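First the structure, in the form of structure tokens, and then the observations on it.
Computed from a prediction, not measured in an experiment: that's the story for all the values here.
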Amino acid sequence: MPELPEAETISRQIRDFVSGKKIISTSVNRDRAVRSNNSAMQFIKEVTDSTILTSSRRGKSILLPLDNDKTIIVRLGMSGSLYLKENNETNSADKHTHVIFKLENGDELHFVDPRTFGEIIVENGHNTENFETFKGYGYEPLHESFNSSTLHKLCKNKKSSIEALLMDQKNVVGIGKIYSDESLFLSEIDPRRPAESITKKEADKLTDAIKEVLSNSIESHGTSGKDGAYRDAFGNHGTFATKLNVYQRDGKNCNRCGATIEFVPFQGRRMHFCPKCQK
DNA sequence: AATGGGGCCTGAGAGC
DNA sequence: TGCTCTCAGGCCCCAT
């Protein structure tokens, strides 16, 4: 499940390969992959023959600003990725390769997404604050503007669980199941607790935990879970799965106290946590 | 306004 | 072995 670290990893990996390169052709194999654009034809027209300036990230999306004052936004959904196919590689597009950008030097950028929750959108301009796609988006958790005071304020009067709050992109962007479970473990907070019950002290710990978990995962090129679905731009697995404490570790022993990690349903989702460490 | 729940979608894994 | 069923998850939309 690509979240912030996975999107950041891919964005960094492709940067040198796409910066300053012109898209000489675009093919869409599955219209659903560009469903928010008027049509696949319109999408192709808007991006082809323009030059990619660089690659960056907002939340769980990868951004490719173009020299025609438009920006390609790649939302990875839950199984999406961007693969870099270098010039000398044979065309290895499979049935889940929905969009292919061919660059002027022969390299290709493939949007692959088996579960098709992801999509590619084109927005006008380069300023993410003006993008309809990101309307209502919250703090970038690795930015200095996200600190314990901002988190504590977000929690105020919120009846829903702290895990639901962290996963809602309107509060903080880029955090999904993996990193909310892991951050709450590190800060010793029960994910089911109402957000409003989080004290300032706990907000301090949780903020540090979020930044630490995300940064460490970026260093490991992200998390490839049990199904191994996630792969980076070079087709490799991320290695953060070996450092997980609770996510997909239900039934195993807690690395800290030895208790059995639980995976229990709560308000329409299931949460991994240590019943002894997390209060 | 805030919150909860259903649906989209496919592949992996469980159960028979 | 091979079929069917359930589940995972981000994110949108709708009901309350």
Side-chain angles (χ1 to χ4, degrees), chain A residues 1-8 10 29-37 57-62 73-82 94-99 111-121 123 128 131-138 140-141 153-184 191-198 214 217 222-231 237-238 240-241 244 246-252 261-273:
Chain A
M1 306 88 243
E3 302 177 26
L4 185 152
E6 291 75 24
E8 180 68 28
I10 294 169
N29 301 328
R30 192 183 175 114
D31 286 357
R32 188 180 152 74
V34 294
R35 58 190 175 276
S36 293
N37 301 280
R57 180 195 59 76
R58 171 81 171 123
K60 303 171 188 172
S61 298
I62 295 162
I73 301 169
V74 182
R75 308 187 72 146
L76 299 172
M78 72 171 286
S79 63
S81 192
L82 277 179
D94 64 19
K95 63 172 176 170
H96 300 303
T97 301
H98 306 320
V99 179
F111 175 61
V112 181
D113 183 21
R115 295 184 196 173
T116 74
F117 281 15
E119 65 170 325
I120 303 186
I121 299 162
E123 292 259 13
T128 57
F131 293 171
E132 191 66 25
T133 310
F134 299 145
K135 207 175 156 194
Y137 259 34
E140 276 291 340
K153 270 181 209 156
L154 287 171
C155 291
K156 215 177 163 188
N157 297 326
K158 294 278 167 59
K159 313 285 178 207
S160 55
S161 69
I162 181 64
E163 170 138 324
L165 181 131
L166 292 182
M167 287 176 62
D168 187 340
Q169 305 300 297
K170 288 183 170 42
N171 301 313
V172 196
V173 299
I175 300 175
K177 280 292 303 166
I178 304 172
Y179 302 108
S180 58
D181 281 348
E182 291 299 312
S183 303
L184 288 161
R192 299 168 295 182
R193 277 185 40 201
E196 63 181 1
S197 73
I198 301 300
L214 295 176
S217 181
T223 304
S224 297
K226 275 180 183 167
D227 61 3
Y230 164 74
R231 286 168 185 271
H237 291 302
F240 195 68
L244 296 173
V246 287
Y247 180 77
Q248 289 186 344
R249 289 198 69 247
D250 41 303
K252 299 209 168 82
I261 302 298
E262 293 186 5
F263 185 34
V264 300
F266 188 73
Q267 290 179 348
R269 64 185 89 232
R270 295 181 78 192
M271 304 174 177
H272 301 85
F273 63 97

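- Here the closest non-hydrogen pair linking A:Leu165 and A:Ala195 is CD1-CB, 3.8 Å.
- For the side chain to side chain contact (heavy atoms under 4.5 Å, CB included) criterion with A:Glu3, the lone passing option out of A:Ile178, A:Leu214, A:Val173, A:Thr223 is A:Ile178.
- With hydrogens and angles left out, the side-chain atoms of A:Arg58 and A:Thr128 include no donor and acceptor closer than 3.5 Å.
- Here the side chain of A:Arg115 is nearest to one of B:dT10, B:dC8, B:dG4, namely B:dT10.
- Distance A:Asn157 CG to B:dT3 C1': 14 Å, rounded to the nearest Å.
- A:Arg35 comes within 4.0 angstrom of nothing in the nucleic acid, heavy atoms only.
- A:His98 and A:Phe111 have perpendicular rings, their planes meeting at more than 60° on a 0 to 90° scale where under 30° would count as parallel.
- Residues A:Asn171 and A:Lys158 meet the side-chain proximity criterion, which asks for heavy atoms closer than 4.5 Å.
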Its contact letters, B for base, S for sugar-phosphate only and - for none at protein heavy atoms under 4.0 Å, make nucleotides 10-16 of chain C read BSS----

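- The CG-P distance, from A:Asp113 to B:dC9, rounds to 12 Å in whole Å.
- A salt bridge links A:Glu196 with A:Lys159: the distance from a Lys NZ or Arg NE/NH1/NH2 to an Asp or Glu carboxylate oxygen falls below 4.0 Å.
- Atom C1' of nucleotide B:dG5 and atom CG of A:Asp168 are separated by 15 Å, given to the nearest angstrom.
- Rounding to whole angstrom units, NZ of residue A:Lys158 and P of B:dA1 are separated by 14 Å.
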Set out, in order, the CA-CA distance, both residues' side-chain angles and the distance that settles side-chain contact (heavy atoms from CB on, under 4.5 Å) for A:Arg75 and A:Thr133, then state yes or no. CA-CA 10 Å; A:Arg75 308 187 72 146; A:Thr133 310; 3.1 Å; yes

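- Among B:dT3, B:dC9, C:dA8, the nucleotide with an atom closest to any side-chain atom of A:Thr116 is B:dC9.
- Taking atom CZ of residue A:Arg270 and atom P of nucleotide C:dA8, one finds them 5 Å apart after rounding to whole Å.
- For B:dC9, the OP1/OP2 oxygens have no side-chain nitrogen or oxygen of A:His96 closer than 4.0 Å.
- Note on A:Phe263: only backbone sugar-phosphate atoms sit closer than 4.0 angstrom, heavy atoms only; bases stay farther off.
- Among the atoms of the strands shown, none is found under 4.0 Å from any heavy atom of A:Tyr230.
- Between A:Asp250 atom CG and C:dC7 atom C1' the separation is 12 Å, expressed in whole Å.
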